[in-house]
Every structure is written in structure tokens, then in C-alpha cells.
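One structure is given here, and the rest of the page talks about it.
As the structure is a computational prediction, the values presented were derived from the model and not from experiment.
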Amino acid sequence: MFETIYSQVLTGFLVLVVGFALVKGDETERIGGAAYALVIIAGVMTSDNSSFSLSRWSAFALDVVLLATFLGLGWQSRRSWPMWAGAFQALIVTGHIMVLANLRPPGDAFAAVNNMANYALLISLAVGTFWAWQERRAAGLKA
């Protein structure tokens, strides 16, 4: 997973954002950050280069679970960032559906959408965590 500079940068960004969400976020941000981190860890653990079909199904299942998590957070929370994160996660799930339905999207296009949606998802989590942190500070609660 860490063979390229891109994967190292994404992992560093992921660790920073998830750490920020876990330390400074409210319950919604902590749940979203922990769910994202767990799905990434589970994805690394279930990826198998010898069986592309099996790893494709496991990645699809994990991404659907993450989509359901963000939509559930958006449904139960007064915050808007889970819906943004859910929208970006829906792009990833849609890409999986296109591949699984054998619509043959170009591999580079699928990877680009997946990567950009992951960055956008992390940015929405970071922005949501920042807003929650600032709201608590403005209210005079623990920062």
C-alpha cells in the first residue's frame, strides 16, 4: 500500500484528519473519523492481489458500509458535513457499481474519481471537525 508517494501522502493526510477529528471533534466527527479509519484498515487487510474479484467485492462492501454510516450520521446530526461526505462516498460506490456491472469504465478514470472523492471526503471531515471545535470554543466549552 505504501509503494508510491501518492499513497504515502494520502495516508499522512488521512492520519492527520482522522486524528484531528478524534481529538477535537464532537461525537459525530469522532464516529465519522473512526468509521473512515476502520474501513481503510479493513480494506488494506482484505485486499488480495491474487484474487482481484474477491478484493473488488470486499472493497465494494466496505464502501457501502461507509456510505451508510455517513448517511446515518447526516440523518441523525444537525451538521452538514456528513451529507457532503456521503455524497463523495456515493461517487466511490457508483464507480464500484459501474465496474461490477461490467460497464467497463476506463481504469484511470475510476481511480481518479476514487482518489479525488477520498480527498474531498477527508476535507469535508476536516472542515466539519473545525466547525464543531470552533462552536465549542465560542460557547466557552472545553476546546
field: Qualifying salt bridge (charged side-chain N to carboxylate O under 4.0 Å, His left out) pairs with a residue from residues 90-103, counting only residues at least two apart or across chains
entry: none

field: Residue Gln134 excluded, over 12 heavy atoms near CD under 6.0 Å
entry: yes

- request: Working to the nearest 0.5 Å, report the span between CG of Leu62 and CD1 of Ile40.
  value: 9.0 Å

task: Please tell me if the side chains of Thr28 and Pro82 come closer than 4.5 Å, counting only heavy atoms from C-beta onward.
output: yes

query: Which atom names give the shortest non-hydrogen contact between Ala35 and Thr69, and what distance separates them?
result: CB-CG2, 3.8 Å

field: Within residues 77-97 or reaching into it, pairs that qualify as salt bridge (charged side-chain N to carboxylate O under 4.0 Å, His left out) - sequence neighbours excluded
entry: Asp26-Arg79, Glu29-Arg79, Arg78-Glu135, Arg79-Glu135

Can you give the donor-acceptor pairs under 3.5 Å from side chains of residues 88-101 to other protein atoms, not counting sequence neighbours?
{"residue": "Gln89", "atom": "NE2", "partner": "Asp63", "partner atom": "O", "Å": "3.2"}
{"residue": "Gln89", "atom": "NE2", "partner": "Asp63", "partner atom": "OD1", "Å": "3.2"}
{"residue": "Thr94", "atom": "OG1", "partner": "Ala90", "partner atom": "O", "Å": "2.7"}
{"residue": "His96", "atom": "NE2", "partner": "Asp63", "partner atom": "OD2", "Å": "2.6"}

field: CZ on Phe70 to OG on Ser124, rounded to 0.5 Å
entry: 7.0 Å

- prompt: Rounded to the nearest 0.5 Å, how far apart are CG of Leu66 and CG of Leu121?
  reply: 6.5 Å

field: Flag side-chain contact, heavy atom, 4.5 Å: Leu16 against Phe20
entry: no

field: Among Thr129, Ile123, Val127, Leu125, side chain to side chain contact (heavy atoms under 4.5 Å, CB included) partner for Trp81
entry: Leu125

message: Determine whether a donor-acceptor pair (N or O, by modelled atom type, separation under 3.5 Å) exists between the side chain of Asn115 and the backbone of Ala111.
response: yes

- request: Supply the atom-to-atom distance Thr4 OG1 to Leu10 CG, rounded to the nearest 0.5 angstrom.
  value: 9.0 Å

field: Stepwise side-chain contact (heavy atoms from CB on, under 4.5 Å) test for Asn118 and Tyr36
entry: CA-CA 10 Å; Asn118 270 306; Tyr36 187 79; 2.8 Å; yes

- request: Check whether Val9 and Leu14 end up in the same hydrophobic cluster, where Ile, Leu, Val, Met, Phe, Trp and Tyr are linked by side-chain heavy atoms less than 4.5 Å apart.
  value: yes

message: With a 4.5 Å cut-off on side-chain heavy-atom distances among I, L, V, M, F, W and Y, is there a chain of contacts connecting Val18 to Leu38?
response: no

